[in-house]
Student: 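Handing you this structure, nothing more for now.
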Amino acid sequence: MDAAPELTSPRSPRVTAARRLTRRATRAKERRFLAEGPQAVREAAGHRGGGEPTLVELFTTPEAAERHADVVAAARAAGARIRTTTDEVVAELSQTVTPQGLVGVCRFLDRPFEAVLAARPELVAVLARVRDPGNAGTVLRCADAAGADAVVFTDASVDPYNPKAVRASAGSLFHLPVAVGVTAEQAVAGLRAAGARVLAADGAGERDLDTELDTGRMGGPTAWVFGNEAWGLPEETRALADEVVRVPIHGRAESLNLATAAAVCLYASARAQRAAGGCRSVTPS
């Protein structure tokens with residue numbers, strides 16, 4: 001792209017407006033968020049929610065536009081306004097040490113919790129009081145990789161549109177339904193009514209994951225509830241679940257971090273569901 005940058009000042013009104021989306025209150029008011037880097041922008045360009053394209057605006061340096069011409073072309077095809085700009089402007093919008101030259105402004109894409117339930121999900125991750133955006137985004141990525149049908153962020157959890165959460169999801173935010181703002185009680189009650197068995201993941205669980213797998217009961221629809229990174233799940237949330245399950249530690253490690261434990265639990269359910277008799281069909285080899 002040979003054209004000179006359209007926006008050169010970090011204090012221009014359009015850049016200032018986009019910069020405000022790093023604040024949760026502004027994101028909630030405008031129902032817009034920032035997606036940074038070629039992977040996130042590419043996924044945003046290909047996503048539509050409620051009949052509208054998710055990506056509405058793209059800030060790109062000329063160098064990034066040339067290097068990622070396919071991403072810019074996809075953004076343009078999605079109807080996004082392309083704004084060429086400088087490294088300084090992109091750095092103003094970026095949350096990373098070394099920006100990659102592409103920052104998109106996107107519409108919110110969460111779905112009503114009732115819509116998630118209506119789809120009769122077979123595997124769901126519920127984040128209850130998860131506060132770290134990097135962990136939240138990584139759990140979302142793990143859920144996507146394991147083939148989960150949805151991720152639910154309770155009202156006490158971090159905003160999934162936090163720039164760090166968006167980045168940590170590595171594009172998975174655009175792949176599967178996300179519901180936000182429900183209480184843990186509403187999440188558990190709704191998912192149980194939709195036919196899911198609710199398992200709370202906690203290091204102090206009465207049953208371990210190996211035992212659960214051995215019972216043969218993990219092949220049905222399952223919702224996993226994951227708690228805070230530092231103190232786990234509060235007793236009142238644990239009491240909502242059908243079982244409280246711990247990931248067994250066979251070596252000398254003191255514990256697993258949240259994202260690792262979530263990956264182990266979600267993949268265990270995915271494997272059980274895809275086995276003979278599970279609720280998902282076995283993928284042909």
Student: So, Arg23 side chain and Thr26 main chain: donor-acceptor pair closer than 3.5 Å or not?
Tutor: no
Student: Side chain to side chain contact (heavy atoms under 4.5 Å, CB included), that's the test. Do Arg81 and Leu58 meet it? Break it down for me.
Tutor: CA-CA 6 Å; Arg81 172 70 184 268; Leu58 175 62; over 6 Å; no
Student: Could you check whether Glu212 pairs with Arg197 (Lys NZ or Arg NE/NH1/NH2 to Asp/Glu carboxylate O, under 4.0 Å)?
Tutor: yes
Student: To the nearest 0.5 Å, what is the distance between CG (Leu109) and CZ (Arg48)?
Tutor: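 Spacing of CG (Leu109) from CZ (Arg48) equals 13.5 Å.
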Student: Would you check if Arg111 and Val178 make a side-chain contact, meaning some heavy-atom pair closer than 4.5 Å?
Tutor: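 Contact flag for Arg111/Val178 side chains = no.
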Student: Treating Thr84 as the side-chain partner and Glu6 as the backbone partner, does any N or O pair qualify as donor plus acceptor under 3.5 Å?
Tutor: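 Confirmed, Thr84 side chain pairs with Glu6 backbone.
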Student: Do you know which of Leu209, Leu213, Thr222 makes side chain to side chain contact (heavy atoms under 4.5 Å, CB included) with Ser269?
Tutor: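 The passing option is Thr222.
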Student: Show, in sequence, the C-alpha distance, side-chain angles and deciding distance for Thr211 and Asp208, and conclude whether the side-chain hydrogen bond (donor to acceptor under 3.5 Å, both in side chains) test is met.
Tutor: CA-CA 5 Å; Thr211 301; Asp208 70 39; 3.0 Å; yes
Student: In Å and rounded to the nearest 0.5 Å, what is the CZ to CG distance from Phe226 to Leu266?
Tutor: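 Phe226 atom CZ to Leu266 atom CG measures 4.0 Å (nearest 0.5 Å).
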Student: Drop me the distance from Leu117's CG to Arg192's CZ, to the nearest 0.5 angstrom.
Tutor: 12.5 Å
Student: Any side-chain heavy atom of Asp155 within less than 4.5 Å of one from Val182?
Tutor: no
Student: Could you go through Glu57 and Arg14, starting from their C-alpha distance and side-chain angles, then the distance that decides it, and tell me whether this counts as salt bridge (Lys or Arg N to Asp or Glu O under 4.0 Å)?
Tutor: CA-CA 10 Å; Glu57 189 173 18; Arg14 191 57 230 134; 2.8 Å; yes
Student: Please check if the side chain of Glu66 supplies one atom and the backbone of Glu63 the other of a donor-acceptor pair under 3.5 Å.
Tutor: no
Student: Looking at Asp149 and Arg120, is there a salt bridge between them, counting it only when a charged N and a carboxylate O are closer than 4.0 Å?
Tutor: no
Student: Side chain to side chain contact (heavy atoms under 4.5 Å, CB included) between Thr215 and Arg207: does it pass, once the steps are laid out?
Tutor: CA-CA 11 Å; Thr215 65; Arg207 301 173 68 86; 3.3 Å; yes
Student: For Ser172, is there any backbone N or O sitting under 3.5 Å from a side-chain donor or acceptor partner on Glu43?
Tutor: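 Such a contact is absent between Glu43 side chain and Ser172 backbone.
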Student: Hydrophobic cluster mates of Trp231, side-chain heavy atoms under 4.5 angstrom, ILVMFWY only, any path?
Tutor: none
Student: Hey, is CZ on Arg141 packed in by over 12 heavy atoms from elsewhere, all under 6.0 Å?
Tutor: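 No, not enclosed.
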Student: Once rounded to the nearest 0.5 Å, what's the spacing between atom CZ of Arg20 and atom NZ of Lys29?
Tutor: 9.0 Å
Student: Can you tell me how far apart CG (Leu173) and SG (Cys106) are? Round to the nearest 0.5 Å.
Tutor: 8.5 Å
Student: Donor-acceptor pairs are to be reported for all side-chain atoms of residues 121-136 against protein atoms at under 3.5 Å, with residues two or more places apart or in another chain.
Tutor:
unit_1: Arg131; atom_1: NE; unit_2: Ala156; atom_2: O; d: 2.9
unit_1: Asp132; atom_1: OD2; unit_2: Gly134; atom_2: N; d: 3.1
unit_1: Asp132; atom_1: OD2; unit_2: Asn135; atom_2: N; d: 2.8

Student: Tell me yes or no: between the side chains of Gln95 and Thr22, is some donor less than 3.5 Å from an acceptor?
Tutor: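 Note: Gln95 and Thr22 side chains miss the donor-acceptor criterion.
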Student: Any side-chain to backbone donor/acceptor pair from Thr16 onto Ser12? Under 3.5 Å, distance only.
Tutor: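 Between the backbone of Ser12 and the side chain of Thr16 there is a qualifying donor-acceptor contact (under 3.5 Å).
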Student: Mind checking whether Leu55 and Val71 sit in one hydrophobic cluster, side chains of I, L, V, M, F, W, Y counted as touching below 4.5 Å?
Tutor: yes
Student: Going by the angle between their ring planes, with limits at 30° and 60°, are Phe108 and Phe33 parallel, tilted or perpendicular?
Tutor: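 Tilted, since the angle between the ring planes falls between 30° and 60°.
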Student: Hey, is the main chain of Glu92 close enough, under 3.5 Å, to the side chain of Arg19 for a donor-acceptor pair?
Tutor: yes
Student: Cluster partners of Val89, using ILVMFWY side-chain heavy atoms under 4.5 angstrom, listed by chain and number?
Tutor: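 Cluster partners of Val89: Leu7, Val15, Leu21, Leu34, Val56, Phe59, Val90, Leu93, Val103, Val105.
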Student: Hey, does the side chain of Asp110 reach the backbone of Ala179 with a donor-acceptor pair shorter than 3.5 angstrom?
Tutor: no
Student: Under 3.5 Å, side chain of Tyr267 to main-chain N/O of Ala145, donor-acceptor pair present?
Tutor: yes
Student: Would a 4.5 Å heavy-atom cut-off, applied to side chains only, mark Thr8 and Thr85 as touching?
Tutor: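 Result no, sub-4.5 Å side-chain heavy-atom pair not found.
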Student: Going from CD on Glu185 to OG1 on Thr154, what distance comes out if it is rounded to the nearest 0.5 angstrom?
Tutor: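 Answer for the CD-OG1 pair, Glu185 versus Thr154, is 9.0 Å.
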Student: Do the charged groups of Lys164 and Asp159 touch, with an N to O distance under 4.0 Å?
Tutor: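 Salt bridge between Lys164 and Asp159, a charged N being under 4.0 Å from a carboxylate O: no.
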Student: Does Glu243 pair with Arg217 as a salt bridge, N-O distance under 4.0 Å?
Tutor: yes
Student: State, with a plain yes or no, whether a side-chain heavy atom of Arg107 is found less than 4.5 Å away from one of Arg32.
Tutor: yes
